[in-house]
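The structure appears right after this line, and notes come after that.
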Amino acid sequence: MAIRTATWVVFLLLALLSSSGGVAEASHQVLSEADFFQVSAEAAERGHNDDALRTGYHFQPPKHWINDPNGVMYYKGVYHLFYQYNPKGAVWGNIVWAHAVSTNLVDWTMLPPAIYPTAPFDVNGCWSGSATVFPDGTPAIMYTGIDGQNRQVQNIAYPKDLSDPYLREWTKPDYNPVIAPGPGVNATAFRDPTTAWKGPDGLWRLVVGTKDNHLGLAVLYRSRDFKRWEPAPRALHSGDSGMWECPDFYPVAAHGVATGSAGAGESKYVLKVSLDLTRFEYYTVGEYDHATDTYAPDAGQRDGDDGLRYDYGNFYASKTFLDTAKHRRILWGWANESDSTADDVRKGWAGVQAVPRKVWLAPDGKQLMQWPVAEIESLRGSNYVNITNRLVKGGDHFEVTGSSPAQADVEASFQVMDLDKAEPFDPAWKAADAQTVCAARGADAKGGVGPFGLWVLASDDLKEKTAVFFRVFKNGEDGKHVVLMCNDPSTSSQADGLYKPTFAGFVDVDIAQSGGKIPLRTLIDHSVVESFGAHGKTCILSRVYPTKAVGDKAHLYVFNNGESDVKVNHLHAYEMRSANITGSVEQST
Ligand code: DQQ
């Protein structure tokens with residue numbers, strides 16, 4: 001399979017992202033032909049099932065390392081996904097923009113890399129960036145180049161042939177870089193330009209992520225001609241949370257009806273930043289003042305690294321784009337592996353993209369909602385299970401049989417039968433985040449209301465299973481319920497050396513008002529468990545590596561470890577077909 005080169009030599013760049021500067025330091029390790037065969041033989045001997053853990057409908061190329069989605073856009077009937085890619089190995093390094101195209105966001109044709117080092121302004125790497133589609137429909141890409149002095153500079157690239165809807169080839173004008181780090185700017189922490197937007201004064205704007213000591217900044221640049229860019233006197237926004245990577249700034253509307261790019265006169269805006277220090281992202285909803293070119297989160301928004309997240313699991317360096325064909329905003333995010341670097345080298349691949357999600361503003365205006373794009377449902381097979389009104393007594397579980405749950409889409413609605421059984425929310429947890437609470441009370445810790453939910457990718461003896469569940473507490477202060485959504489992968493695999501954190505988020509719902517009901521959708525894809533609670537209010541993606549619960553040996557269960565009975569009002573489990581991913585990411589020589 002994966003690693004086949006003429007010389008059987010693979011250069012492995014081990015990237016160490018220093019917490020201070022996010023600077024990639026690389027050291028080479030060479031895997032000889034003999035080493036490669038030894039690694040593969042050992043893997044087989046130790047029962048590794050690497051190919052069985054590859055995804056069926058979450059995007060990943062056949063081999064090597066991938067990270068951030070880049071320059072996502074829609075052009076002439078085609079969706080474009082560019083992504084950070086190492087053409088030489090399964091660890092971060094040698095970064096280029098790989099490219100894939102699709103007409104339905106499900107099936108993809110891989111194309112050779114679109115942007116790769118060619119010039120002094122990007123000789124050491126082509127890092128993340130965004131696409132801007134001009135009012136006449138033509139696109140441009142702005143990306144971070146690592147120049148000959150290892151400075152991070154912002155470059156522009158234009159399609160070579162606008163009549164090619166696949167936009168296979170890109171040219172980089174000689175006048176690059178268009179934005180270089182000026183005096184006082186940290187040249188090793190100055191990257192990831194956003195999609196640009198035009199203000200009422202006719203000037204283009206974009207934001208670049210940077211830091212000043214511990215202060216993360218979204219610095220603003222303006223241009224009349226998209227070529228000469230000037231720094232604005234003040235940043236769009238800043239926060240005391242270290243380097244801000246991959247900022248994203250856009251207007252939002254309710255019900256997913258997206259009408260424009262930033263600056264289009266929408267009343268609410270979202271600013272998302274990816275925190276290099278924690279490798280989590282957070283966003284706020286707020287207002288953009290065109291006159292001062294600043295953004296202020298709404299009152300009540302937590303504007304710090306304990307703020308709202310798109311996803312409380314493994315989801316980073318995300319980017320949205322406006323899908324003008326269907327008037328919706330679509331979010332892409334990268335899910336890294338949770339196994340070791342040695343595992344990735346052995347597997348020959350690392351990193352997947354989460355399914356594209358539609359994002360829109362919740363009716364109360366306080367947070368975003370997310371849902372897998374409807375196109376994903378076209379993969380649902382005819383083999384599915386339908387369960388209605390089944391009671392799960394406290395301490396019970398049952399198996400959902402009849403579909404293939406290693407590659408599935410499960411939609412369920414649970415109903416708590418006795419909310420009075422909810423335990424009090426420990427006042428000591430007030431200052432804690434959901435993850436701390438869920439880690440303290442895992443899926444096997446019995447409660448009053450919950451834990452209840454799904455065991456996915458479970459082995460028949462239940463020694464391996466990943467729990468996706470809810471737990472409900474009573475808040476002493478206002479008598480309302482506190483709902484937690486958790487993902488507990490602590491028993492997901494019998495393999496050693498895996499990172500298996502409990503991931504969790506609070507779910508902002510009034511569960512009493514909904515008669516104790518709470519819905520859950522979980523996309524299961526071999527080593528991906530991607531869940532959407534309460535119609536997309538809280539989302540958690542987790543990477544797991546079962547050794548027994550693979551392929552047709554994987555099982556799906558409903559469990560209830562709480563005192564209160566829980567009714568499964570309905571549960572639909574669809575077997576998912578694999579997406580059609582064709583073409584080649586290889587660069588033609
Ligand atoms: N990944 C890119 C950077 C970005 C980081 C390099 C985020 O541009 O800041 O591969 O994952």
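In listed order, ligands and their atoms are each counted from 1.
If you number the atoms of ligand 1 from 1 as listed, the ones under 4.0 Å from a heavy atom of Arg279 come out as 11 (O). Within ligand 1, the atoms closer than 4.0 Å to a non-hydrogen atom of Asp68 are 1 (N), 2 (C), 3 (C), 4 (C), 5 (C), 7 (C), 11 (O), numbered from 1 in the order shown. Less than 4.0 angstrom separates some heavy atom of Trp92 from each of these atoms of ligand 1: 6 (C), 10 (O). The ligand atoms of ligand 1 that sit less than 4.0 angstrom from a heavy atom of Ser128 are 2 (C), 8 (O).
Applying the side-chain contact (heavy atoms from CB on, under 4.5 Å) test between Met73 and each of Val133, Ile330, Asp323, Leu81 identifies Val133 as the sole match.
Salt-bridge annotation for Lys347 and Asp51: absent, with no side-chain N of the basic residue lying under 4.0 Å from a carboxylate O of the acidic one. Salt bridge Lys172/Asp122: present, at least one basic N to carboxylate O contact under 4.0 Å.
Geometrically, ligand 1 and Asp192 share a nitrogen or oxygen pair separated by less than 3.5 Å. Of the polar atoms of Trp334, none of the N or O atoms is found under 3.5 Å from an N or O of ligand 1, judged by distance alone. In terms of polar-atom proximity, Tyr316 is not counted as a contact of ligand 1, lacking any N or O under 3.5 Å from an N or O of the ligand.
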(message) Before you tell me yes or no, could you show the steps for Asn86 and His64 under side-chain hydrogen bond (donor to acceptor under 3.5 Å, both in side chains), namely the whole-Å CA-CA distance, both residues' side-chain angles and the distance that decides it to 0.1 Å?
(response) CA-CA 6 Å; Asn86 179 357; His64 297 335; over 6 Å; no
(request) List the steps, then state whether side-chain hydrogen bond (donor to acceptor under 3.5 Å, both in side chains) holds for Ser274 with Asp276. (result) CA-CA 6 Å; Ser274 309; Asp276 193 21; over 6 Å; no
(message) Using side-chain hydrogen bond (donor to acceptor under 3.5 Å, both in side chains), reason through Gln152 and Thr144 one step at a time and then give a plain yes or no.
(response) CA-CA 6 Å; Gln152 297 176 8; Thr144 298; over 6 Å; no
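We find the CG-OH distance between Leu111 and Tyr166 to be 7.5 Å, quoted to the nearest 0.5 Å.
In Gln152, neither the side chain nor the backbone holds a heavy atom less than 4.0 Å from any atom of ligand 1. Residue Asp276 does not touch ligand 1, judged by heavy-atom distances below 4.0 Å.
For the pair Thr144 and ligand 1, no heavy-atom separation below 4.0 Å is found.
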